[in-house]
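Since the structure comes first, as structure tokens, the remarks are kept for the end.
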2 protein chains.
Amino acid sequence: MATMHDVARLARVSVSTVSYVLTGTRPISDATRARVLEAMAELDYQPNAMARGLATRRSRIVGLLMPMSERGFGATETAFVTGAAAAASDAGYHLVLSPIGAGDLDDLRRLASQRMVDGVALMEVQIEDGRVGVLQETGVPLVLIGRTSDTTGLSYVDIDFDQTVREAVDHLVGLGHRRIVYVNHSAATIAAGYGPALRTRDSFVAAMTGYGLEPLMIPAEDSAAGGRAALAQAMTQAPDLTAVLAMNENAIFGILAELAVRRRAVPGDVSVVSMVTSPAVAELAYPALTAMTSPGSALGRIAVEALLRQLDGTGAHHQQLLPCALEVRGSTCPAARPDNELTGTGLPGG
Amino acid sequence: MATMHDVARLARVSVSTVSYVLTGTRPISDATRARVLEAMAELDYQPNAMARGLATRRSRIVGLLMPMSERGFGATETAFVTGAAAAASDAGYHLVLSPIGAGDLDDLRRLASQRMVDGVALMEVQIEDGRVGVLQETGVPLVLIGRTSDTTGLSYVDIDFDQTVREAVDHLVGLGHRRIVYVNHSAATIAAGYGPALRTRDSFVAAMTGYGLEPLMIPAEDSAAGGRAALAQAMTQAPDLTAVLAMNENAIFGILAELAVRRRAVPGDVSVVSMVTSPAVAELAYPALTAMTSPGSALGRIAVEALLRQLDGTGAHHQQLLPCALEVRGSTCPAARPDNELTGTGLPGG
DNA sequence: CTGAAAGCGCTAACAA
DNA sequence: TTGTTAGCGCTTTCAG
């Protein structure tokens with residue numbers, strides 16, 4: 001491991017000169033620059049990241065706080081991570097993954113105080129999230145992927161749930177659907193203040209009442225079994241439903257399965273729209289799912305880019321909402337008939 | 001940000017004493033230790049990671065090299081990452097994610113030479129992988145998740161594909177299946193030297209010929225469409241097939257869809273086993289898939305733990321193979337009849 | 001059992 | 001345009 005001293009000696013210049021050709025913070029004659037670069041190449045020189053970090057008080061590392069929740073890691077979350085990693089890498093930064101959840105506030109304080117990370121991106125932000133306060137205290141630059149209830153003075157990128165839900169509802173209503181049921185995350189998740197669950201719920205109510213329709217909603221555990229149970233419950237509450245809007249990536253296949261069991265054809269009898277879903281997942285179903293495609297990796301990338309801009313002072317707070325894009329595939333079609341097709345009457349299990 | 005000097009001053013001891021109570025590398029009287037700890041608490045002291053790293057020449061960061069391939073990130077890969085992150089975190093290490101693929105050898109050399117990481121875990125290892133050589137040159141401790149062809153002197157953890165395939169074939173043959181088709185990754189992926197594709201192929205041939213059966217194999221693009229095409233091709237080559245063994249997580253739903261279109265019931269007409277699959281994915285299908293469950297997060301964890309043992313010298317090379325576990329769900333059942341059910345004859349599209 | 005001081009490899013005044 | 005040097009905050013000899 002050659003050091004800067006070695007380079008300086010070989011190039012017959014002082015260490016500071018070597019440093020300056022590296023950082024470009026002061027003019028260097030072409031001749032000496034050439035000599036230095038040559039020496040660096042000759043010695044296979046790479047600056048030591050720790051030493052540079054200590055001197056500059058900047059690690060060129062950003063943290064991605066990624067709680068490993070019961071909800072697990074869906075395609076959307078994975079896309080955040082890869083998008084964030086790519087953006088950091090492109091800017092010459094490193095991305096450290098920390099599995100720090102809302103519970104580990106002490107771990108978080110430690111991470112922030114060790115000055116190992118120049119800034120932090122928070123995933124899975126709760127409506128009230130203790131991590132935000134801790135991070136603000138320690139003064140670490142911060143960007144949220146998601147939103148707390150009060151976002152003044154905070155940077156965030158998030159999905160525009162309101163517009164996303166509205167587009168989804170518009171799509172279904174435009175196809176003539178009136179009895180639309182919304183399958184959300186679990187009651188526990190909602191109670192825990194999981195933003196997407198809360199916001200989509202409110203947006204759904206607003207969109208449906210805007211159309212003069214009743215906003216039917218069912219929570220579902222994050223599993224296929226949860227989806228099946230939810231759909232069964234929905235069929236009981238609203239046997240005449242013709243469309244389901246599913247927020248829950250993990251439950252969606254259970255919903256489809258239960259529909260299949262009940263011999264309700266998709267999309268013939270029931271149209272299905274999957275919310276905040278990656279194309280990969282949507283394509284897994286047959287027919288492929290009409291879905292609101294989440295801007296997953298874009299969110300990760302934008303978050304990190306905003307964070308880096310905050311770091312070099314070339315940007316202040318950045319607040320941005322990106323809607324999911326409606327991608328019509330095979331799981332939606334015009335509603336059959338307004339009000340008199342109670343085909344599945346009294347067939348509770350199939 | 002209090003420094004060690006601040007703590008020393010407040011506790012009326014020297015900096016070295018503070019350092020020693022932190023590292024525990026030399027005896028300290030209880031009295032002074034108490035004073036020091038008190039001062040640290042008072043000042044909210046946290047050691048500076050960069051400074052410590054510079055002095056010890058250890059960053060307490062390990063890198064996870066995670067190429068973002070065309071193949072994308074399945075549940076199994078995601079589980080590696082979370083398992084690795086958890087293991088690192090448990091040991092007081094940080095995990096940096098680097099999206100460095102087999103192509104970016106220069107980036108890799110840079111990362112390794114900057115001494116920002118104490119060690120590296122490599123994901124998505126190819127049979128011949130240039131990254132291994134580069135890392136060995138730079139002397140960075142290394143563990144592979146996957147294997148190259150020559151593993152002498154290397155640490156790795158990998159799936160025991162041989163045993164996994166054998167168990168899957170045993171399961172199907174035990175159910176009376178004789179015409180079993182193996183759906184692999186794409187031809188391009190195989191040509192690129194993707195280990196799992198190569199190894200399972202070889203193991204499948206061995207297992208089938210061991211039973212005196214013909215090893216039917218079809219490649220599939222990593223998508224639902226690829227799965228559909230592959231199954232269609234398989235039905236042409238072997239109209240009498242009664243079971244499919246699918247290596248390709250991304251193609252599996254396409255395979256199921258094509259079977260549905262062709263009115264071949266699962267498992268009634270065709271049994272399906274999904275290889276190297278997470279329970280979450282297996283449960284998405286209806287019926288839920290009999291699958292060889294990949295030990296995803298265990299692999300990530302074991303890899304990092306082995307790496308850390310190499311770092312403190314408490315462990316040499318570690319080579320370990322973990323088989324996937326057979327989990328019988330609803331997609332397999334005894335074969336219908338030996339040799340005369342050509343139901344789907346001449347129904348190319350449905 | 002404790003202190004003083006020399007680095008770790010780099011950056012950035014300060015001086016020329 | 002270049003060199004000298006004082007740190008950055010910690011670990012770890014070397015002395016006591």
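The sequence lines fix the lettering, A, B, ..., with proteins before strands; numbering per chain opens at 1.
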For this session: Would you indicate what B:Ile28 reaches in the nucleic acid, counting non-hydrogen atoms under 4.0 angstrom: base, sugar-phosphate, or nothing?
Result: sugar-phosphate

Exercise. Pick the nucleotide of DNA chain C nearest each of A:Ala51 and B:Ala31; which residue has the one closer to the 5' end?
Worked result: B:Ala31

Exercise. Expressed in angstrom and rounded to an integer, what is the separation of B:Met40 atom CE from D:dG9 atom P?
Worked result: 17 Å

Exercise. Per the salt bridge (charged side-chain N to carboxylate O under 4.0 Å, His left out) rule, which among B:Arg58, B:Arg57, B:Arg60 passes with B:Asp118?
Worked result: B:Arg58

Exercise. Does the side chain of A:Ser16 pick up a donor-acceptor pair with the side chain of A:Ser19 at under 3.5 Å?
Worked result: no

For this session: Verify whether one side chain among A:Thr138 and A:Ser113 offers a donor that lies under 3.5 Å from an acceptor in the other.
Result: no

Exercise. Given D:dT11, D:dT5, D:dC10, which nucleotide is nearest the side-chain atoms of A:Val15?
Worked result: D:dT5

Can you tabulate the close N/O pairs, meaning under 3.5 Å, that link protein atoms to atoms of nucleotides 14-16 of chain D?
none

Exercise. What nucleic acid atoms does B:Val18 come within less than 4.0 Å of, heavy atoms only: base, sugar-phosphate, or nothing?
Worked result: nothing

Problem set entry | Atom-to-atom span, CE of B:Met1 to P of D:dG9 - whole angstrom | 11 Å

Exercise. Would a distance-only check, ignoring hydrogens and angles, find a side-chain to backbone donor-acceptor pair under 3.5 Å from A:Ser59 to A:Ile61?
Worked result: yes

For this session: Rounded to the nearest angstrom, tell me the gap between atom CG in A:Asn48 and atom P in D:dC8.
Result: 18 Å

Exercise. Heavy atoms under 4.0 Å, any strand shown: does A:Thr17 hit a base, just sugar-phosphate, or nothing?
Worked result: sugar-phosphate

For this session: Would you mind reading off the distance between A:Met116 atom CE and D:dC10 atom P, rounded to a whole angstrom?
Result: 13 Å

For this session: On DNA chain C, reading 5' to 3', which nucleotide is the first and which the last to sit with an atom under 4.0 Å from a heavy atom of chain B, could you check?
Result: C:dC1 to C:dG9

For this session: Please determine, by modelled atom types, if A:Thr148 and A:Gln126 share a side-chain donor-acceptor pair under 3.5 angstrom.
Result: no

Exercise. Is the closest side-chain donor-acceptor distance between B:Tyr194 and B:Arg199 under 3.5 Å?
Worked result: no

For this session: Taking atom types as modelled, find out whether A:Ser294 and A:Thr76 have a side-chain donor-acceptor pair closer than 3.5 angstrom.
Result: yes

For this session: Would you indicate what B:Thr25 reaches in the nucleic acid, counting non-hydrogen atoms under 4.0 angstrom: base, sugar-phosphate, or nothing?
Result: nothing

Seminar exercise, completed: Sorted by position of nearest nucleotide on DNA chain C, 5' first, the leading residue of B:Arg33 and B:Arg57 is B:Arg33

Exercise. Looking just at side-chain N and O atoms, do A:Ser155 and A:Gln319 make a donor-acceptor pair shorter than 3.5 Å?
Worked result: no

Problem set entry | Heavy atoms from other residues, nucleotides or ligands near CD of B:Glu38 exceed 12 (cutoff 6.0 Å) | no

For this session: Answer yes or no: does a side-chain N or O of B:Thr56 lie under 4.0 Å from OP1 or OP2 of D:dT12?
Result: no

Problem set entry | Separation of atom NE2 in A:His5 from atom P in D:dT5, rounded to whole Å | 11 Å

